[in-house]
Amino acid sequence: MKVLLVDDHPMFRAGLSSLLKAWSFLVIGEASSGEEAIVKVRELLPELIFMDIKMAGLNGIETTRAVKS
């Protein structure tokens, strides 16, 4: 399964990425903001997105709405 990680904390993304890869998930990209996530979703077409809810700028809820539309 192709996974995109969206979180504004690099250490959290790195840890989650490592864990998911150990479980045979394919981490195809990472984003540190909602705005960056929208661009990455269009480019990479992930099957699953792990989204942080509390981020500066576009939060996870707003980003999810934008991705779904």
Determine which pairs satisfy salt bridge (Lys or Arg N to Asp or Glu O under 4.0 Å) with at least one residue from residues 60-69, sequence neighbours left out, and list them in order.
none
Heavy atoms only: give me the nearest Thr63-Gly34 pair and the separation to one decimal.
OG1-CA, 3.1 Å
Who else is in Val27's hydrophobic cluster (ILVMFWY, side-chain heavy atoms under 4.5 Å, direct or via others)?
Met1, Val3, Leu5, Phe12, Leu16, Leu19, Leu20, Trp23, Phe25, Leu48, Phe50
Pair Ile61-Ile53, side-chain contact (heavy atoms from CB on, under 4.5 Å): steps then yes or no:
CA-CA 6 Å; Ile61 305 282; Ile53 292 176; 4.1 Å; yes
Of all heavy-atom pairs linking Ser69 and Ala66, the shortest is OG-O, 3.0 Å
Checking Glu36 now: which residues fulfil salt bridge (charged side-chain N to carboxylate O under 4.0 Å, His left out) with it, not counting sequence neighbours?
none
Report the residues that fulfil side-chain hydrogen bond (donor to acceptor under 3.5 Å, both in side chains) with Asp8, sequence neighbours left out, ordered by chain and then residue number.
none
When you measure from the side chain of Ser18 to the backbone N and O of Ala14, does any donor-acceptor pair fall under 3.5 Å?
no
Once salt bridge (Lys or Arg N to Asp or Glu O under 4.0 Å) is applied, what residue pairs with a partner in residues 11-32 remain, sequence neighbours excluded?
Arg13-Glu30
Other ILVMFWY residues reachable from Ile28 by side-chain steps of under 4.5 Å
Leu4, Val6, Leu26, Ile38, Val41, Leu44, Ile49, Met51, Met55, Leu58, Val67
